[in-house]
Amino acid sequence: MSTFMILWNDKELTPYWVILAGCLSIGLLLFVRSRIPVRQRDDRPVGVQIGNGQTIGARSEQDDYFACAVEPYGVLAVLADGISGLSGGKVASTTAVETFIREFEALDRFPDPDEFWSESAHLANQAILRNLLGVPGGTTLVSVMIRGRNLYWGAVGDSILSVFRQGELIPINHKHTLESQLEEQYMSGQISEQEALDNPQRKRLVNYLGYDHFKQMEIADEPFALHPADKIVLCSDGVYNSLTEMELETILAQSIPPFDAAQAIIDLIEEKQLVHQDNATIIILEQGW
């Protein structure tokens, strides 16, 4: 009889044979599993990092408001800048952001972007008018939805959306101000460059949430294709009116988490101690595309 058979028939060794068989079975299962390709849904928000920063500036009240929502079907980020000088600015920005977040979280799947932006904007506009109770107020709003490597967006007012790629900021939306209209008139030859620059109302908003004649927000015609290492940036005018594009790009180019980048941007704004510093808010999203 062979040595193996002698050991096999030894009843005292039976528990050890059982343990060895179990280990071999587990090892076999792990090996087989490692050979099976893992399927991962391309639209799942894996690894999306979100950072934000905010300062009240020289204002007496914080009229900016923002929020983000991460769901299995996608990510939503919303930033609103209540119109300064109007007593209902804070109410308007808060109501707008909360409406968009609520509508997104109530979904059970990724929505049709056009329908979502249009319906949420009109619901927000109606809610703002109700909450203001006749008090003057209004707000800008810029918002993004991310699904897989696609960036969808909608905006109204002068808060901006940019994508930082390979050291440069790529502007995505347009500012809904008289200044933009004056620039178009200048380019078409309707007015002179000096007339466009000298208009005292050039910073006035021509479209925003919180008034009876609001019609529609600007909505992307097609999704913006994200690349690896892209950083999505949403900010209020208190950021881009205080820092140069180069200052923003220098911070965004650093290999630091989005929260640290957002805080560094706000710190730089506060260091300048501008006399008329507006509320400033920024959201940065990256990775996972």
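Under a cut-off of 6.0 angstrom, the local environment of CD in Glu105 is crowded, with over 12 non-hydrogen atoms contributed by other residues, nucleotides or ligands. Residue-environment remark: CD (Gln254) exceeds the threshold of 12 foreign heavy atoms within 6.0 Å.
Proximity of Tyr240 to Val233: side-chain heavy atoms (C-beta onward) are nowhere separated by under 4.5 Å. With contacts defined as side-chain heavy-atom distances shorter than 4.5 Å, the pair Ile160/Val142 does not qualify. Counting heavy atoms from C-beta on, the side chains of Leu226 and Ile146 come closer than 4.5 Å. The shortest side-chain heavy-atom distance between Pro113 and Ile219 does not fall under the 4.5 Å cut-off. Inter-residue side-chain proximity for Ser143 and Leu76 is flagged as met; some heavy-atom pair is nearer than 4.5 Å. Side chains of Trp153 and Glu218 form a contact here, defined as non-hydrogen atoms less than 4.5 Å apart. Using a 4.5 Å cut-off on side-chain heavy atoms (C-beta onward), Arg147 and Pro223 make no contact. Side-chain contact between Phe110 and Met145 is present, with heavy atoms from C-beta onward closer than 4.5 Å.
Under a hydrophobic-cluster definition in which Ile, Leu, Val, Met, Phe, Trp and Tyr are linked whenever side-chain heavy atoms come within less than 4.5 Å, directly or via other members, Phe214 and Leu129 are assigned to different clusters. In terms of hydrophobic clustering, with Ile, Leu, Val, Met, Phe, Trp and Tyr side chains grouped at heavy-atom distances under 4.5 Å, Ile101 and Tyr73 are assigned to a common cluster. With hydrophobic clusters built from ILVMFWY side chains whose heavy atoms lie under 4.5 angstrom apart, Leu285 shares a cluster with Phe66. When the side chains of ILVMFWY residues are joined at heavy-atom separations under 4.5 Å, either directly or via intervening members, Leu274 and Ile56 end up in two distinct hydrophobic clusters. Both Ile251 and Leu169 are members of a single hydrophobic cluster when ILVMFWY side chains are connected at heavy-atom separations under 4.5 Å.
Side chain of Asn173 to backbone of Ser159: a donor-acceptor contact under 3.5 angstrom is found. Judged by distance alone, the side chain of Tyr208 and the main-chain N or O of Ile83 form no donor-acceptor pair under 3.5 Å. Panel note: side chain His122, backbone Lys215; a donor-acceptor pair is recorded below 3.5 Å. For Glu98 (side chain) and Ser93 (main-chain N/O), no donor-acceptor pair under 3.5 Å exists by modelled atom type. A donor-acceptor pair under 3.5 Å is absent between the side-chain atoms of Asn125 and the main chain of Gln216, judged by distance alone. Without hydrogens or angle criteria, Gln277 side chain to Gly238 main chain gives a donor-acceptor distance under 3.5 Å. Formation of a donor-acceptor pair under 3.5 Å by the Asn150 side chain with backbone atoms of Ala225 is not found in this model.
Between Thr95 and Ala127 the shortest heavy-atom distance is CG2-CB, 3.6 Å. Between Ile266 and Ala280, the shortest heavy-atom distance links the atoms CD1-O, 3.9 Å. Of all heavy-atom pairs spanning Ala96 and Leu141, the tightest one is CB-CD1, 3.8 Å. Contact record, Cys68 with Ile50: SG-CG2, 3.8 Å, taken as the closest heavy-atom pair. The two residues Ala121 and Met217 have their closest heavy-atom pair at CB-SD, 3.6 Å. Considering every non-hydrogen atom in both Arg165 and Ile170, the closest pair reads CB-CD1, 4.0 Å.
Using cut-offs of 30° and 60° for the angle between ring planes, the Phe104 and Phe116 rings count as perpendicular.
Note: Asp278 CG to Ser242 OG = 7.5 Å, rounded to the nearest 0.5 Å. Here the CD atom belonging to Gln54 is positioned 12.5 Å from the SG atom belonging to Cys235, to the nearest 0.5 angstrom. Here the CG atom belonging to Asp64 is positioned 11.5 Å from the NZ atom belonging to Lys90, to the nearest 0.5 angstrom. Between Phe100 atom CZ and Leu79 atom CG the span is 12.0 Å, to the nearest 0.5 Å. How far CD1 of Ile284 is from CD1 of Ile232: 11.0 Å, rounded to the nearest 0.5 Å. Rounding to the nearest 0.5 Å places CG of Leu252 at 12.5 Å from CD of Glu168.
Every pair passing salt bridge (Lys or Arg N to Asp or Glu O under 4.0 Å) that includes a residue from residues 233-249 is listed here, sequence neighbours excluded: Glu247-Lys272.
Checking Ser236 against Asp81 by side-chain atom types alone, no donor-acceptor pair falls below 3.5 Å. A donor-acceptor pair shorter than 3.5 Å can be found between the side chains of Thr55 and Glu270.
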Practice item. Go through Ile128 and Thr139 one step at a time and tell me if the side-chain contact (heavy atoms from CB on, under 4.5 Å) criterion holds. Key: CA-CA 9 Å; Ile128 292 170; Thr139 185; 4.0 Å; yes
